[in-house]
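Here is the structure we will look at.
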Amino acid sequence: MNVEKMDYVKIESLDGLGEWIKNQDNAKSFVNFTIPEICKTEPCILGVDEAGRGPVLGPMVYGIAFCPKKKDEALKTLGCADSKQLTEEKREEIFVDLNNEEYAKSCVGWAVEVISPNVISTSMNRRVKYSLNEVSMGSAIDLIKKAVELGVNVKEVYVDTVGPPEKYQAKLKGIFPDFKITVAKKADSTYPIVSAASICAKVSRDHALKVWSFREGIELEEGFGSGYPGDPATKRFLDNVEPVFGFPRLVRFSWSTATKALEHKAYSVEFDEEEEEEKPKKVKSKQITQFFGDATKQRHLFFKERCLENIAKI
């Protein structure tokens with residue numbers, strides 16, 4: 001968790017959520033906590049779920065929600081059920097209700113970590129691989145730890161599983177031995193507190209896409225869709241490959257959908273190796289040297305920011 005980018009912003013509306021996200025650096029992960037005072041004194045249940053695990057575009061968001069055990073009926077009253085069965089409008093309605101005076105002060109707290117596509121890709125592509133499951137579990141564990149550190153009186157934890165539930169539950173029990181831990185498949189349809197966490201995560205991800213700012217200076221004539229590989233708008237967006245730098249930060253470079261597009265449309269780079277090894281056949285692609293010989297090519301933001309200019313000779 002990027003503790004330096006953790007906020008305690010009071011979010012009371014969808015516009016407030018969008019404004020908070022818009023003010024963050026979308027190349028990094030960032031976190032927000034909302035904690036009612038009652039959650040620091042009363043024994044609480046805490047739920048964990050995520051949104052955006054599968055898309056090739058945009059962040060993955062991990063969410064937690066927590067409330068006093070004796071007030072968990074309020075979640076059912078709000079309509080927290082299987083969040084996947086709720087419409088976007090209904091999720092937003094419940095999210096706003098979670099943050100109004102009635103619930104935000106007396107009942108439900110929540111937190112989200114918005115994990116940027118850049119962080120996901122660099123984690124999965126680094127020399128010592130850090131898988132998406134590890135990124136997911138790390139975020140969930142850090143959010144629970146931070147909730148406890150900030151004073152939430154956690155007694156029971158309910159988690160929508162990543163991988164085998166038994167293995168994940170044993171891992172969490174080893175870290176949080178004093179809590180009752182339940183890890184289950186489709187926990188968001190079984191436990192309202194997990195559904196509440198899922199709603200916070202899904203609404204936050206939706207708004208992260210709506211307010212996404214392209215630092216690369218890209219202007220789109222049409223949107224980029226939901227971010228899922230099968231979405232036609234997303235497919236069209238991925239057709240626009242910058243031959244040297246590939247994709248903007250919105251794209252998860254580590255996804256096979258993105259790497260295949262790069263293989264066909266981006267310049268290839270060859271590195272000298274000490275030992276010549278038999279190499280698999282590669283898809284024929286342009287060489288990076290072609291980029292520097294194209295005088296009509298508009299200079300990339302990378303060069304402009306660093307005041308780099310082409311020179312005729314050394």
Side-chain angles (χ1 to χ4, degrees), residues 1-3 6 29 31 33 35 39-40 42-55 59-76 80-86 98 107-115 119-120 123-124 128-202 204-205:
M1 178 185 294
N2 188 349
V3 178
M6 189 171 71
S29 299
V31 184
F33 264 85
I35 305 176
C39 293
K40 296 181 180 181
E42 296 288 336
C44 289
I45 56 175
L46 182 149
V48 184
D49 201 4
E50 53 77 25
R53 181 178 172 84
M60 176 172 69
V61 179
Y62 251 82
I64 62 172
F66 40 89
C67 75
K69 291 173 65 176
K70 66 182 183 181
K71 289 183 174 285
D72 64 343
E73 284 297 318
L75 298 170
K76 297 176 183 178
C80 295
D82 185 352
S83 61
K84 295 182 179 64
Q85 301 299 318
L86 300 175
L98 282 172
C107 188
V108 185
W110 59 275
V112 291
E113 180 176 18
V114 182
I115 307 170
V119 169
I120 293 171
S123 296
M124 296 178 68
V128 178
K129 303 296 183 185
Y130 194 62
S131 71
L132 189 63
N133 278 1
E134 290 172 307
V135 173
S136 299
M137 291 180 183
S139 179
I141 291 166
D142 285 348
L143 284 169
I144 298 170
K145 283 182 176 178
K146 198 62 187 178
V148 174
E149 182 183 322
L150 294 172
V152 180
N153 187 15
V154 179
K155 295 299 180 183
E156 299 177 12
V157 176
Y158 299 87
V159 184
D160 195 59
T161 194
V162 173
E166 300 81 8
K167 187 175 180 180
Y168 192 6
Q169 183 165 310
K171 180 182 180 74
L172 291 176
K173 192 64 179 175
I175 299 170
F176 306 105
D178 296 331
F179 300 162
K180 175 186 174 183
I181 306 283
T182 302
V183 179
K185 295 179 180 179
K186 299 182 179 179
D188 62 336
S189 61
T190 307
Y191 306 103
I193 194 65
V194 179
S195 181
S198 179
I199 288 166
C200 292
K202 289 181 186 299
S204 297
R205 174 177 153 80

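Note that CG of Leu46 is 9.5 Å distant from SG of Cys39, once rounded to the nearest 0.5 Å. Distance check: Arg53 CZ to Ser136 OG gives 4.5 Å after rounding to the nearest 0.5 Å. Summarising the geometry, atom CD belonging to Glu73 is positioned 10.0 Å from atom SG belonging to Cys67; distances are rounded to the nearest 0.5 Å. With rounding to the nearest 0.5 Å, the separation of CD in Glu50 from CG in Leu132 is 8.5 Å. The CZ atom of Phe66 sits 9.5 Å away from atom NZ of Lys40, with the distance rounded to the nearest 0.5 Å. Between atom CD of residue Glu166 and atom OG1 of residue Thr161 there is a gap of 8.0 Å, rounded to the nearest 0.5 Å.
Nearest heavy-atom pair, Cys107 versus Pro68, reported as atom, atom and distance to 0.1 Å: O-CD, 3.2 Å. Leu143 and Ile64 get closest at one heavy-atom pair: O-CD1, 3.7 Å. Taking both residues in full, the closest heavy atoms of Ala201 and Asp49 are given as CB-O, 4.2 Å, listed atom of the first, atom of the second, then distance. Met60 and Gly52 get closest at one heavy-atom pair: CB-O, 3.6 Å. Contact record, Ala197 with Gly47: CB-O, 3.4 Å, taken as the closest heavy-atom pair.
Proximity of a side-chain donor or acceptor of Ser198 to a complementary backbone N or O of Val194 within less than 3.5 Å is not detected. Remark: the backbone N or O of Val135 is not paired with any side-chain donor or acceptor of Ser139 at under 3.5 angstrom.
Using a 4.5 Å heavy-atom cutoff, the side chains of Ser29 and Ile115 are in contact. Looking at heavy atoms from C-beta onward, Ile199 lies in side-chain contact with Leu86 at the 4.5 angstrom threshold.
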List the atom pairs, with distances to 0.1 Å, where a side-chain N or O of residues 171-193 and a protein N or O form a donor-acceptor pair under 3.5 Å, not counting sequence neighbours.
residue: Lys173; atom: NZ; partner: Pro177; partner atom: O; Å: 3.3
residue: Lys173; atom: NZ; partner: Phe179; partner atom: O; Å: 2.5
residue: Asp188; atom: OD2; partner: Ser83; partner atom: OG; Å: 3.2
residue: Asp188; atom: OD2; partner: Lys84; partner atom: NZ; Å: 3.1
residue: Ser189; atom: OG; partner: Lys186; partner atom: O; Å: 2.8
residue: Thr190; atom: OG1; partner: Lys186; partner atom: O; Å: 3.4

